[in-house]
Protein chains: 2
Amino acid sequence: MKILIIEDEVELLISISNFLTRETFICELAESYAKADDKLAIYEYDIILLDITLPDGNGIELLRSIKKHQKKAGVIIISAKNSLDDKIKGLDLGADDYITKPFYLSELNSRIKAVLRRKQFDGTSILTYNEISVNTESRTVIIKGSAIILTKKEYDLLLFFIINKNRVLTKEAIAEHLWEDSIDMADTYDFIYTHLNNLRKKIRAAGGADYIKTLYGMGYKFTDQ
Amino acid sequence: MKILIIEDEVELLISISNFLTRETFICELAESYAKADDKLAIYEYDIILLDITLPDGNGIELLRSIKKHQKKAGVIIISAKNSLDDKIKGLDLGADDYITKPFYLSELNSRIKAVLRRKQFDGTSILTYNEISVNTESRTVIIKGSAIILTKKEYDLLLFFIINKNRVLTKEAIAEHLWEDSIDMADTYDFIYTHLNNLRKKIRAAGGADYIKTLYGMGYKFTDQ
DNA sequence: GGGTATCTTTAGAATTCCTTTAGAATTGAT
DNA sequence: ATCAATTCTAAAGGAATTCTAAAGATACCC
């Protein structure tokens with residue numbers, strides 16, 4: 001299940017993301033409407049969490065556009081305690097639920113589950129690319145029918161690749177997604193090399209093709225072409 | 001799903017009802033035992049929320065009568081914080097769960113879901129995974145034909161694992177489900193290690209396989225694969 | 001082709017996380 | 001009120017992962 005979180009308080013954004021990732025959701029983050037717009041143009045999401053009181057634009061507008069272009073997504077509005085108007089407008093415009101700050105992450109979680117249930121998603125979430133498939137609930141990776149065992153970082157890396165298949169991923173982008181807390185280590189990316197190598201080795205050992213292509217000087221791309 | 005809410009504080013009654021209606025339950029309300037009796041005589045419910053401390057009569061009596069005449073219904077007891085006796089009596093009398101005032105509606109919601117989930121397991125309320133089977137009515141666990149004795153925490157842990165078999169459960173998720181009241185203990189999860197260890201030991205001693213797999217850095221998973 | 005920058009691979013150090021044990025604190029039962 | 005059982009805390013030791021470092025390989029540019 002793929003979730004887009006639109007929230008300008010970066011701390012809250014990160015903590016929501018960490019929490020939902022632990023709940024086996026795949027999260028993408030946007031701390032401004034501009035970034036949200038970019039993501040919304042490219043991907044489809046199952047759930048969109050929208051802080052309607054962001055400083056840089058009109059949340060109601062964004063919601064309207066979401067309902068138009070991402071019809072399948074469930075939308076949960078995050079709003080400050082007093083902005084009751086927004087709540088009502090939001091629900092009128094077709095948001096599926098709302099939650100007021102501050103909230104417990106567990107409450108957010110149960111609301112997401114409820115929305116998904118109402119939308120009648122089947123719950124399991126399996127991503128596939130040719131002979132490789134990843135089950136995000138059991139965190140298992142199957143290659144040619146048999147499971148391979150990955151460490152956390154290897155799994156995160158592979159998932160990030162599969163979600164972004166056929167797109168160039170710079171080392172910086174990878175580092176940001178996998179090590180979001182400490183981005184300031186940016187002088188060297190040696191650690192990526194190591195994990196990448198381990199991941200490639202394990203995929204190779206299981207008979208999977210070498211989908212992780214190196215683009216010299218640019219980054220990497222997960223593709224069969 | 002049809003829910004009967006028995007609660008004398010009318011404001012609370014209404015707000016529970018509104019919330020659960022949004023969650024797509026069908027709610028009926030009773031603000032006294034007399035009214036509750038009337039409803040219970042006519043309809044069948046899936047869930048009955050029972051405030052056991054109502055002024056106009058003996059809640060324990062009503063519960064007894066519910067268990068007799070509405071066998072299919074799951075019963076969740078609402079009680080004031082200090083009336084521990086009622087809690088215990090309630091559970092002894094076959095209530096499926098209890099919740100103390102004040103509570104978050106989302107918590108009530110997840111408890112309702114949990115009770116429904118437990119009830120839905122083929123009606124018999126016996127969960128099985130290979131040689132392990134759990135009877136949620138008698139709260140007994142059978143491994144290879146013979147019963148093992150678990151403490152409450154060990155039992156809850158095992159049940160949580162079996163309900164979520166083949167899913168990765170993070171320590172945070174486990175803590176939230178088993179210790180939902182006090183989430184602020186979140187700096188360490190040592191207590192999980194202890195109970196997990198005890199549970200594993202007992203399963204092992206009874207000849208059960210080691211289904212509780214550790215996923216280093218991620219959590220745990222109950223599976224035979 | 002030589003030189004430089006970038007990437008791959010390996011090995012081991014450092015770190016983080018998990019298991020286990022023992023005992024203290026708490027809870028419940030008699 | 002006392003005793004027994006359960007739950008939680010703390011700490012030692014072990015295991016797995018992650019990171020660092022460095023040598024070798026490859027691609028790019030002139």
Side-chain angles (χ1 to χ4, degrees), chain A residues 18 22 139 148-158 160 168-172 174-175 177-205 210-221, chain B residues 81-92 98 100 139 141 148-158 160 168-175 177-205 210-221:
Chain A
N18 285 344
R22 286 200 302 270
R139 288 185 86 109
I148 64 170
I149 290 164
L150 299 180
T151 69
K152 188 173 172 338
K153 282 276 179 276
E154 289 156 15
Y155 174 87
D156 288 347
L157 200 51
L158 176 60
F160 188 52
V168 177
L169 301 174
T170 62
K171 289 194 297 288
E172 288 79 4
I174 294 170
H177 263 259
L178 267 73
W179 287 269
E180 25 196 344
D181 309 330
S182 45
I183 321 172
D184 46 347
M185 41 160 60
D187 39 320
T188 166
Y189 294 107
D190 285 358
F191 44 90
I192 295 181
Y193 295 145
T194 303
H195 295 298
L196 204 59
N197 181 42
N198 292 338
L199 176 58
R200 277 172 161 161
K201 246 194 293 198
K202 286 186 182 177
I203 292 175
R204 214 180 298 142
D210 187 17
Y211 295 130
I212 304 174
K213 304 289 198 303
T214 304
L215 304 183
Y216 192 94
M218 294 189 244
Y220 297 91
K221 185 159 75 169
Chain B
K81 198 136 213 167
N82 41 7
S83 60
L84 206 63
D85 280 1
D86 290 337
K87 259 191 218 173
I88 293 157
K89 267 190 216 154
L91 286 177
D92 277 354
Y98 60 84
T100 50
R139 291 181 79 95
V141 177
I148 64 170
I149 290 164
L150 298 181
T151 70
K152 184 176 177 324
K153 282 278 178 273
E154 288 156 15
Y155 173 85
D156 287 348
L157 199 52
L158 177 60
F160 189 50
V168 175
L169 302 175
T170 61
K171 288 191 300 287
E172 289 80 0
I174 293 170
H177 278 84
L178 267 75
W179 287 267
E180 23 197 342
D181 306 332
S182 45
I183 322 171
D184 45 346
M185 40 161 63
D187 39 320
T188 166
Y189 294 104
D190 286 357
F191 45 90
I192 295 180
Y193 294 144
T194 303
H195 294 298
L196 204 59
N197 184 40
N198 292 338
L199 177 59
R200 276 173 163 162
K201 248 193 292 198
K202 286 186 182 176
I203 292 175
R204 214 180 299 143
D210 186 17
Y211 294 130
I212 304 174
K213 303 287 197 306
T214 303
L215 304 187
Y216 195 97
M218 302 191 222
Y220 297 90
K221 184 162 71 170

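Here is the naming used below: chain letters follow the sequence lines, and residue numbers restart at 1 for every chain.
The C1' atoms of five pairs define one axis at each end of the helix from C/dG1-D/dC30 to C/dT30-D/dA1, and these two axes lie 40° apart (to 10°).
Between the side chain of A/Lys153 and the backbone N or O of A/Leu150 there is no donor-acceptor pair closer than 3.5 Å. Counting only distance, with no hydrogens or angles, the side chain of A/Lys171 and the backbone of A/Ile192 share no donor-acceptor pair below 3.5 Å.
The residue B/Thr151 sits close only to the backbone: its heavy atoms come under 4.0 Å of sugar-phosphate atoms, none of a base.
Judged by atom type and distance alone, A/Thr194 reaches the base of D/dT20 through a side-chain donor-acceptor pair under 3.5 Å.
If you take OG1 on A/Thr151 and CG on B/Leu215, they are separated by 11.5 Å, rounding to the nearest 0.5 Å. Note that CD1 of A/Ile149 and CD of A/Glu154 are 11.0 Å apart. Values are rounded to the nearest 0.5 Å. Distance check, rounded to the nearest 0.5 Å: CD1 of B/Ile148 to OH of B/Tyr155 gives 11.5 Å.
Nucleotide D/dA16 holds its P atom 14 Å from the CD atom of A/Glu154, rounded to whole Å. For the pair A/His195 NE2 and D/dA16 C1', the computed distance is 13 Å after rounding to whole Å. For B/Tyr189 and D/dT9, the OH to C1' distance is 16 Å, given to the nearest whole Å. Rounding to whole angstrom units, OH of residue B/Tyr155 and P of D/dT6 are separated by 16 Å. Between the C1' atom of D/dT17 and the CG atom of A/Leu150 lies a distance of 13 Å, rounded to the nearest Å. The distance between atom CZ of B/Phe191 and atom P of C/dT26, rounded to the nearest whole Å, is 16 Å. Look at NZ on A/Lys153: it is 10 Å from P on C/dC17, rounded to the nearest Å. To the nearest angstrom, C1' of D/dT6 lies 15 Å from CG of B/Leu199.
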Polar pairs (N or O, both sides) under 3.5 Å between protein and nucleotides 4-8 of chain C?
from, atom 1, to, atom 2, distance (Å)
C/dA5, N3, A/Tyr216, OH, 2.8
C/dT6, O4', A/Tyr216, OH, 2.9
C/dC7, OP1, A/Gly217, N, 3.1
C/dC7, OP2, A/Lys171, NZ, 2.9
C/dC7, OP2, A/Tyr193, OH, 3.0
C/dT8, OP1, A/Arg200, NH1, 2.7
C/dT8, OP1, A/Arg200, NH2, 3.4
C/dT8, OP1, A/Thr214, OG1, 2.6
C/dT8, OP2, A/Tyr220, OH, 2.7

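Considering only side-chain N and O atoms, A/Trp179 lies nowhere under 4.0 angstrom from the phosphate OP1 or OP2 of D/dT18. A close approach under 4.0 Å does not occur between any side-chain nitrogen or oxygen of A/Lys152 and OP1 or OP2 of C/dT16.
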Return a table of donor-acceptor pairs under 3.5 angstrom between the side chains of residues 193-200 of chain A and protein atoms on other chains or two or more places apart.
from, atom 1, to, atom 2, distance (Å)
A/Asn198, ND2, A/Thr194, O, 3.4
A/Arg200, NH2, A/Ile212, O, 2.9
A/Arg200, NH2, A/Thr214, OG1, 2.8

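Using a 4.0 Å cut-off between a side-chain N of Lys or Arg and a carboxylate O of Asp or Glu, A/Asp156 and A/Arg139 qualify as a salt bridge.
B/Tyr220 is not listed as a side-chain neighbour of B/Val168, based on a closest heavy-atom distance of 4.5 Å or more. Residues A/Leu169 and A/Lys221 fail the side-chain proximity criterion, which asks for heavy atoms closer than 4.5 Å.
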